[in-house]
**Student:** 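The structure is given below, and queries will be raised subsequently.
Scope of the values below: all heavy atoms of this structure, side chains included, with no hydrogens, waters or symmetry mates.
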Amino acid sequence: MISPSPAQGCILAFDSGIGGLGIVAALRRRLPDAHIDYIADTALFPYGEQEDGFLCRHIVTLLSEAVRALKPDVVVVACNTASTLALAALRDACPDTPFIGCVPAIRWAARISHSRVIGLLATRATVRRPYVASLREQFAPDCMLIAHGARHLADYAEQAFRGKEVDPALIKQEVAGLFGQPEGNRIDAVALGCTHYTFVLEALRAASPDHVAWLDPADAVARQTVTVLETLTCASAGQSTRTESLWFTAPPADATLLAEHLRPFGYQHAELWPSR
């Protein structure tokens with residue numbers, strides 16, 4: 001059972017596409033009175049194909065602009081790639097604004113694994129980062145971590161979000177890249193390392209052995225956001241009078257179809273982010 005928090009405040013959630021909307025849904029369950037804006041950086045989707053230095057500078061520039069314009073009480077970086085790459089730089093650039101990141105649930109996987117072999121399914125950019133190795137060393141030192149960078153899975157999730165059917169064989173092919181590795185048959189818990197994967201979670205379960213636990217960190221991020229807002233004396237007592245907004249940094253594919261699926265997350269329409 002989820003006990004909603006009475007905390008108010010203005011939240012800015014950010015992702016490379018629609019993946020972070022799974023975290024927005026968790027935020028709305030836990031913070032029904034919060035004001036939540038959302039930026040989808042569709043101009044550079046998918047992040048996993050961008051060069052690290054360029055991407056980090058871009059994220060810091062974009063979110064620094066957004067913080068100045070929107071003055072959120074807290075920013076939720078609802079993107080694993082952005083969190084593992086740019087979180088420290090964002091905190092340096094905007095020291096007065098709390099940033100909450102989203103990182104692979106390796107600690108959670110280690111806590112529940114019986115086989116001591118855990119999996120990570122993520123973008124190629126997230127898998128190759130030293131941050132992932134440090135998570136394993138810190139939180140799962142007695143576990144074997146098997147990781148797979150899925151090139152197309154975020155694209156399939158974007159399709160699924162729009163209500164399009166994704167061929168189960170394509171999902172199975174991506175999952176095989178994880179379980180088909182040496183010792184992969186011993187994996188009993190998989191951390192999702194990309195927020196987009198929320199929208200193909202049932203397909204991932206169907207394509208994997210029945211005993212495998214798939215771990216989505218969305219609610220953990222929402223809980224941390226509650227904790228931060230409840231401790232902020234500056235959190236908007238006078239709630240924002242602006243309408244909650246969702247922005248894209250470039251026109252997304254199938255914009256009209258996409259708009260139909262934004263409403264359950266609290267957004268009636270989307271706009272292009274006005275670059276400042």
**Student:** Under a 3.5 Å distance rule, please check whether Y197 uses its side chain to pair with a backbone N or O of A122 as donor and acceptor.
**Tutor:**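 Checking the backbone N and O of A122 against the side chain of Y197, a donor-acceptor pair under 3.5 Å is found.
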**Student:** Identify whether V103 and I106 are in the same connected component of the hydrophobic contact network (ILVMFWY, side-chain heavy atoms under 4.5 Å).
**Tutor:** yes
**Student:** Can you get from V75 to L87 by hopping between Ile, Leu, Val, Met, Phe, Trp and Tyr side chains that sit under 4.5 Å apart?
**Tutor:**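 Yes, because V75 and L87 connect within a single hydrophobic cluster, where side-chain heavy atoms sit under 4.5 Å apart.
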**Student:** Decide yes or no on side chain to side chain contact (heavy atoms under 4.5 Å, CB included) for V127 and H148, but give the supporting numbers first.
**Tutor:** CA-CA 7 Å; V127 164; H148 174 57; 5.9 Å; no
**Student:** Looking at R205 and E202, is there a salt bridge between them, counting it only when a charged N and a carboxylate O are closer than 4.0 Å?
**Tutor:**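 Looking at R205 together with E202, the answer is yes, because their closest N to O distance falls below 4.0 Å.
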**Student:** Hey, what do you get for OG1 (T225) to CD (E230), rounding to the nearest 0.5 Å?
**Tutor:** 11.0 Å
**Student:** Could you go step by step and tell me if V166 and K164 meet the side chain to side chain contact (heavy atoms under 4.5 Å, CB included) rule?
**Tutor:** CA-CA 6 Å; V166 179; K164 296 182 177 180; 5.7 Å; no
**Student:** Are any side-chain N or O atoms of Q181 and backbone N or O atoms of G177, one a donor and one an acceptor, separated by less than 3.5 Å?
**Tutor:**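 Indeed, once roles are kept as given, a pair shorter than 3.5 Å links the two residues.
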**Student:** Counting N and O atoms only, with roles assigned by atom type, does the side chain of R186 sit under 3.5 Å from a partner on the main chain of S115, one being a donor and the other an acceptor?
**Tutor:** yes
**Student:** Rounded to the nearest 0.5 Å, what separates atom OG in S16 from atom CD in E158?
**Tutor:** 7.0 Å
**Student:** Supply the atom-to-atom distance S208 OG to K172 NZ, rounded to the nearest 0.5 angstrom.
**Tutor:**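 One finds 8.5 Å between OG of S208 and NZ of K172.
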**Student:** Salt bridge (Lys or Arg N to Asp or Glu O under 4.0 Å) for D188 and R116? Distances and angles first, verdict last.
**Tutor:** CA-CA 8 Å; D188 62 355; R116 313 316 291 157; over 6 Å; no
**Student:** Calculate, to the nearest 0.5 Å, the distance between atoms CD and SG belonging to E51 and C56 respectively.
**Tutor:**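 Those atoms lie 10.0 Å apart.
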**Student:** Within the distance-only criterion (no hydrogens, no angle test), does the side chain of Q8 pair as donor or acceptor with the backbone N or O of A34 below 3.5 angstrom?
**Tutor:**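 Side chain of Q8 to backbone of A34: no pair is present.
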**Student:** More than 12 foreign heavy atoms under 6.0 Å from CD of E271: is that the case here?
**Tutor:** yes
**Student:** Output yes when a side-chain donor or acceptor of D37 lies under 3.5 Å from a complementary backbone atom of E244, and no otherwise.
**Tutor:** no
**Student:** If you count every heavy atom of other residues, nucleotides or ligands that lies below 6.0 Å from R128 atom CZ, does the total exceed 12?
**Tutor:**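 More than 12 heavy atoms, drawn from other residues, nucleotides or ligands, come within 6.0 Å of this atom.
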**Student:** Quick check: does any side chain N or O of H211 sit under 3.5 Å from a backbone N or O of I187, one acting as donor and the other as acceptor?
**Tutor:**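 Side chain of H211 to backbone of I187, a donor-acceptor pair under 3.5 Å: yes, one is there.
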**Student:** Answer yes or no: does atom CD of Q173 have more than 12 heavy-atom neighbours from other residues, nucleotides or ligands under 6.0 Å?
**Tutor:**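 No - once you tally the heavy atoms of other residues, nucleotides and ligands closer than 6.0 Å, there are 12 at most.
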**Student:** Is a donor on one side and an acceptor on the other found under 3.5 Å between the side chain of T195 and the backbone of A78?
**Tutor:** yes
**Student:** State yes or no: are the ring centers of H261 and F199 separated by less than 6.0 Å?
**Tutor:** no
**Student:** So which atom in D52 and which in L85 form the shortest heavy-atom distance, rounded to 0.1 Å?
**Tutor:** O-CD2, 3.5 Å
**Student:** Kindly say whether A125 contributes a backbone atom to a donor-acceptor pair with the side chain of T81 at under 3.5 angstrom?
**Tutor:**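 Absent.
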**Student:** For Y47 and D41, test the side chains for any donor-to-acceptor distance below 3.5 angstrom and give the result as yes or no.
**Tutor:**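 Yes, D41 and Y47 have a side-chain donor paired with an acceptor closer than 3.5 Å.
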**Student:** How close do L90 and F99 get, counting heavy atoms only, and between which atoms?
**Tutor:** O-CE1, 3.6 Å
**Student:** If you measure from CD1 on I39 to OG1 on T42, what distance do you get to the nearest 0.5 Å?
**Tutor:** 10.5 Å
**Student:** Once you round to the nearest 0.5 Å, how far does NE2 of H152 lie from CG of D155?
**Tutor:** 7.5 Å
**Student:** Between N80 and T126, is there a side-chain donor-acceptor contact under 3.5 Å, judged purely by atom types and distance?
**Tutor:**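 Distance-only check fails for T126 and N80.
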**Student:** Sort out for me which residue in I11, V74, T227, L229 forms a side chain to side chain contact (heavy atoms under 4.5 Å, CB included) with I100.
**Tutor:**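 Going through I11, V74, T227, L229 one by one, the side chain to side chain contact (heavy atoms under 4.5 Å, CB included) with I100 is satisfied by V74 alone.
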**Student:** Would you say the side chain of D15 lies within less than 4.5 Å of the side chain of F45, judging by non-hydrogen atoms?
**Tutor:**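 No, too far: nothing below the 4.5 Å cut-off.
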**Student:** Answer yes or no for R136 and Y131: cation-pi contact, defined as NZ/CZ to six-membered ring centre under 6.0 Å and angle to ring axis within 45°.
**Tutor:** no
**Student:** Tell me, with the steps shown, if L153 and H196 meet side chain to side chain contact (heavy atoms under 4.5 Å, CB included).
**Tutor:** CA-CA 8 Å; L153 200 52; H196 277 74; over 6 Å; no
**Student:** If two hydrophobic side chains count as joined below 4.5 Å and joins carry through other members, does W108 share a cluster with L201?
**Tutor:**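 Different clusters: W108 never reaches L201 through Ile, Leu, Val, Met, Phe, Trp or Tyr contacts under 4.5 Å.
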**Student:** Could you tell me whether the side chain of S83 and the main chain of G101 form a donor-acceptor pair under 3.5 Å?
**Tutor:** no
**Student:** Under 4.5 Å between side-chain heavy atoms, counting indirect links through other Ile/Leu/Val/Met/Phe/Trp/Tyr residues: same cluster for F139 and L215 or not?
**Tutor:**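 Different hydrophobic clusters.
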**Student:** Is the distance from the ring center of F161 to that of F265 below 6.0 Å?
**Tutor:** yes
**Student:** Is there a path from L120 to M144 through hydrophobic residues (I, L, V, M, F, W, Y) whose side chains come within less than 4.5 Å of each other?
**Tutor:**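 Looking at the clustering, M144 is in a separate group from L120.
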**Student:** Would E65 and R68 count as a salt bridge (Lys or Arg N to Asp or Glu O under 4.0 Å) if you check the C-alpha gap in whole Å, the side-chain angles of each, and the deciding distance to 0.1 Å?
**Tutor:** CA-CA 5 Å; E65 289 179 354; R68 287 193 296 270; 5.2 Å; no
